[in-house]
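Quick notes on the structure that follows.
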Amino acid sequence: QSLLPSVISLHRDYGLDLSHLIACLTCRPAKLLNLPTGTLAAGAPADLAIFDPSASWTYDASTICSKSKNTPLLGQQLTGKVSYTVCGGRVVYQG
């Protein structure tokens, strides 16, 4: 929930390439660990997140998916929101 808005703020505030930042969180770690994931290819596991990079929302304790509610981001207005997370071809999160 909070990682995507943090990455988008790096893109927005410092001009870092969003595709590169997302690759650093997805396909690059998979490649380093020799995992057959982190790519969209025929026969590969369908693991992906669908997000709106311009969605603005307030980070509220009642909507945190994590078991931990301890975060300095509570009450802050964030930009970028995940709509769906698909793992192994199955929707595991819908926001």
Side-chain angles (χ1 to χ4, degrees):
Q1 279 178 296
S2 60
L3 179 59
L4 178 67
S6 298
V7 167
I8 289 175
S9 71
L10 289 172
H11 166 67
R12 181 191 63 233
D13 298 344
Y14 300 101
L16 299 176
D17 182 67
L18 186 57
S19 295
H20 175 75
L21 292 170
I22 290 173
C24 288
L25 300 171
T26 57
C27 57
R28 293 183 76 189
K31 186 175 181 177
L32 286 171
L33 296 171
N34 289 322
L35 299 174
T37 58
T39 183
L40 288 177
D47 297 337
L48 58 108
I50 300 168
F51 65 92
D52 180 349
S54 61
S56 183
W57 58 288
T58 302
Y59 199 51
D60 181 80
S62 67
T63 61
I64 295 176
C65 293
S66 173
K67 289 181 181 180
S68 174
K69 309 295 184 206
N70 182 17
T71 173
L73 299 176
L74 285 178
Q76 290 192 24
Q77 191 72 20
L78 303 177
T79 301
K81 186 165 178 56
V82 173
S83 303
Y84 296 92
T85 302
V86 179
C87 185
R90 200 170 46 92
V91 175
V92 295
Y93 171 79
Q94 183 175 349

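Not measured: the values here are computed from a predicted model.
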What distance do [X] atom [atom1] and [Y] atom [atom2] have between them, rounded to the nearest 0.5 Å?
{"X": "Arg28", "Y": "Ile22", "atom1": "CZ", "atom2": "CD1", "value": "13.5 Å"}
{"X": "Cys27", "Y": "Asp47", "atom1": "SG", "atom2": "CG", "value": "12.5 Å"}
{"X": "Lys69", "Y": "Thr63", "atom1": "NZ", "atom2": "OG1", "value": "8.5 Å"}

Path from [X] to [Y] over hydrophobic side-chain contacts below 4.5 Å:
{"X": "Leu4", "Y": "Leu16", "answer": "yes"}
{"X": "Tyr93", "Y": "Leu48", "answer": "no"}
{"X": "Leu78", "Y": "Tyr14", "answer": "no"}

Please determine whether side-chain contact (heavy atoms from CB on, under 4.5 Å) holds for the pair Ile50 and Val82, giving the CA-CA distance in whole Å, both sets of side-chain angles, and the decisive distance to 0.1 Å.
CA-CA 6 Å; Ile50 300 168; Val82 173; over 6 Å; no

Does [X] reach the side chain of [Y], with side-chain heavy atoms less than 4.5 Å apart?
{"X": "Lys81", "Y": "Phe51", "value": "no"}
{"X": "His11", "Y": "Leu21", "value": "yes"}
{"X": "Cys87", "Y": "Val92", "value": "yes"}
{"X": "Gln77", "Y": "Ser56", "value": "yes"}

Residue pair Leu18, Ile8: steps toward the side-chain contact (heavy atoms from CB on, under 4.5 Å) verdict:
CA-CA 7 Å; Leu18 186 57; Ile8 289 175; 4.3 Å; yes

Atom CG of Asn70: over 12 foreign heavy atoms under 6.0 Å:
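No.
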
Would you say Gln94's side chain and Thr85's backbone share a donor-acceptor pair under 3.5 angstrom?
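It does not hold such a pair.
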
Is it true that Gln76 and Thr58 share a donor-acceptor pair across their side chains at a distance under 3.5 Å?
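No, because no side-chain N or O of Thr58 sits under 3.5 Å from a partner of the opposite role on Gln76.
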
Testing the 3.5 Å rule here: is there a donor-acceptor pair between the side chains of Ser54 and Asp52?
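Ser54 vs Asp52: donor-acceptor pair found between side chains.
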
Do you know which two heavy atoms are closest between [X] and [Y], and how far apart they sit?
{"X": "Ala23", "Y": "Pro29", "result": "O-CD, 3.7 Å"}
{"X": "Thr79", "Y": "Pro53", "result": "CG2-O, 3.4 Å"}
{"X": "Ser6", "Y": "Ser2", "result": "OG-O, 2.9 Å"}

Stepwise side-chain contact (heavy atoms from CB on, under 4.5 Å) check, Ile64 with Leu74:
CA-CA 9 Å; Ile64 295 176; Leu74 285 178; 3.7 Å; yes

